[in-house]
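As the structure is a prediction and not an experimental result, all values here were calculated from the model. These numbers come from the heavy atoms of this one structure, side chains and all, not from hydrogens, waters or symmetry mates. Chain letters run A, B, ... following the sequence lines, proteins first, then strands; residues in each count from 1.
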Protein chains: 2
Amino acid sequence: MTSPRFNCGLDAALAVIGGKWKFHILYYVAQQPRRFGELRRLVVGISEKMLIQQLRELEYDGVVHRHDFQEVPPRVEYSITGFGTSLAAAVAPLCAWGVTHMEAVVALRD
Amino acid sequence: MTSPRFNCGLDAALAVIGGKWKFHILYYVAQQPRRFGELRRLVVGISEKMLIQQLRELEYDGVVHRHDFQEVPPRVEYSITGFGTSLAAAVAPLCAWGVTHMEAVVALRD
DNA sequence: CAGCATCCGCGACGATACTG
DNA sequence: CAGTATCGTCGCGGATGCTG
């Protein structure tokens, strides 16, 4: 926890998965390849604009891979990369923490 | 990673440490008790308004503890709670990931 | 020193309509 | 189906000044 450069490491990590939606997108894509419309349904509350925008950034950062099947009707799949997998593993403990302490947290929100 | 309820767990976690600054504040407070002015200097770029606001939320969520020494000149220390410690532990892997992949990330930003 | 109050810009984000 | 384009808003967060 008090490891050297923690802060700068955090900056790097947050530069990649920062923002409101990327955690969630990463979660679903990490499970299995996902189509665009699929993600739109899974990530509750996200708009198309945000979804495509965040996906583009994740792709640019090498976290996900975009595969266009060149079909009609259009079909595109987003899959996780090796890089993304390592990131997902780093995020997993945070999720686990959330699961464990969820009750305590939601109790405060009422 | 594909554990059940990951997503909801994430929601709970992000409700507590979401936002632009809390990761950083948590980092410094986790190391040792910190005074207000100290944090203002450590968390580079944060404004007083944001700092106090985020500290209040972290306090409300039971992540940090605020100790007012009732002195003049004023002296207040923020320390981490047991709850906060568990959260910091969950965030640590993300930081470690950032440290490891920092070069790759910053390389893209140029 | 440790805050609080106020003003306000700007960009994140949403809603809607449209296209190949 | 998988986007693109455009417009509008909302509130995050910065800047500044003041107080006990």
Side-chain angles (χ1 to χ4, degrees), chain A residues 7 10-11 13-29 31-61 63-80 109, chain B residues 7 10-11 13-29 31-61 63-80 109:
Chain A
N7 194 34
L10 247 192
D11 286 333
L14 291 180
V16 176
I17 35 97
K20 191 176 175 181
W21 300 108
K22 287 183 186 167
F23 281 96
H24 299 282
I25 296 174
L26 178 65
Y27 166 62
Y28 289 113
V29 175
Q31 293 176 341
Q32 59 185 272
R34 300 287 192 180
R35 300 187 56 174
F36 181 84
E38 203 178 355
L39 287 171
R40 190 176 44 194
R41 266 173 281 114
L42 289 170
V43 184
V44 182
I46 197 171
S47 65
E48 286 188 355
K49 176 183 161 186
M50 278 300 107
L51 179 54
I52 190 63
Q53 179 180 307
Q54 307 286 299
L55 280 171
R56 292 261 191 273
E57 293 180 16
L58 288 173
E59 184 192 4
Y60 178 81
D61 285 331
V63 174
V64 304
H65 173 72
R66 179 178 185 274
H67 183 206
D68 190 336
F69 285 85
Q70 307 283 5
E71 297 174 353
V72 282
R75 180 171 162 224
V76 174
E77 268 189 3
Y78 293 90
S79 54
I80 197 163
R109 312 283 166 179
Chain B
N7 194 34
L10 247 192
D11 286 333
L14 290 180
V16 176
I17 33 96
K20 191 177 175 180
W21 300 107
K22 288 184 185 166
F23 281 97
H24 299 282
I25 296 174
L26 178 65
Y27 167 61
Y28 289 114
V29 174
Q31 294 176 339
Q32 60 184 272
R34 300 289 191 179
R35 297 187 57 175
F36 182 82
E38 201 179 355
L39 286 171
R40 189 176 43 194
R41 265 173 283 114
L42 289 169
V43 184
V44 182
I46 196 172
S47 66
E48 286 188 355
K49 176 183 161 187
M50 276 301 106
L51 179 54
I52 190 62
Q53 180 180 306
Q54 305 288 299
L55 280 171
R56 291 259 191 277
E57 294 181 15
L58 287 173
E59 183 192 5
Y60 178 82
D61 285 330
V63 174
V64 303
H65 174 71
R66 179 179 185 273
H67 183 207
D68 190 336
F69 285 85
Q70 306 284 2
E71 297 173 354
V72 282
R75 181 170 160 224
V76 174
E77 269 190 2
Y78 294 89
S79 55
I80 196 162
R109 311 284 166 179

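- As a whole-Å value, the separation of B:Lys22 NZ from D:dG13 C1' is 14 Å.
- If you measure from atom CZ of B:Arg75 to atom C1' of D:dG20, you get 18 Å, rounded to the nearest angstrom.
- In this model, a side-chain donor or acceptor of B:Glu48 finds a partner on the base of C:dC4 within 3.5 Å.
- Taking atom NZ of A:Lys49 as the reference point, atom P of C:dA17 lies 16 Å away to the nearest angstrom.
- Closest to the side chain of A:Gln54, from the set C:dA2, C:dC13, D:dG3, is C:dC13.
- Among the nucleotides D:dG13, C:dG14, D:dA2, the one closest to the side chain of B:Met50 is D:dG13.
- The shortest heavy-atom contact between B:Leu42 and B:Tyr28 is O-OH, 3.6 Å.
- The nearest pair of heavy atoms linking B:Leu55 to B:Val64 is O-CG2, 4.1 Å.
- Rounded to whole angstrom, the span from the CD1 atom of B:Ile46 across to the C1' atom of C:dA2 amounts to 14 Å.
- Protein atom NE2 of B:His67 is 13 Å distant from nucleotide atom P of C:dG3, rounded to whole Å.
- Within the nucleic acid shown, A:Tyr78 comes within 4.0 Å of sugar-phosphate atoms alone, with no base atom in reach, counting heavy atoms only.
- Rounding to whole angstrom units, CD of residue A:Glu38 and P of D:dC1 are separated by 12 Å.
- In terms of phosphate contacts, B:Lys20 brings a side-chain nitrogen or oxygen within less than 4.0 Å of OP1 or OP2 of D:dG14.
- At least one side-chain nitrogen or oxygen of A:Arg35 sits closer than 4.0 Å to the OP1 or OP2 atom of D:dA2.
- The listed nucleotides are C:dA2, C:dC7, D:dG3; the one nearest the side chain of A:Phe36 is D:dG3.
- In this structure, B:Ile25 places its CD1 atom 11 Å from P of D:dG13, rounding to the nearest Å.
- A:Arg66 contributes no side-chain N or O that, together with a main-chain N or O of A:Glu59, makes up a donor-acceptor pair within less than 3.5 Å.
- The side chain of A:Arg66 places an N or O atom within less than 4.0 Å of a non-bridging phosphate oxygen (OP1 or OP2) of D:dG3.
- B:Arg56 has its side chain out of reach of B:Gln53: every pair of non-hydrogen atoms, C-beta onward, lies at least 4.5 Å apart.
- In this structure, B:Gln53 atom CD and C:dT6 atom P are separated by 15 Å, rounded to whole Å.
- Considering only side-chain atoms of B:Pro74, the nucleotide from C:dG3, D:dG20, C:dG14 that sits closest is D:dG20.
- The phosphate of D:dT4 (OP1 or OP2) has a side-chain N or O of A:Arg56 nearer than 4.0 angstrom.
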- Task: For B:Lys20 and B:Ile46, run side-chain contact (heavy atoms from CB on, under 4.5 Å): C-alpha distance rounded to whole Å, both residues' side-chain angles, the deciding distance at 0.1 Å, then the answer.
- Result: CA-CA 10 Å; B:Lys20 191 177 175 180; B:Ile46 196 172; over 6 Å; no
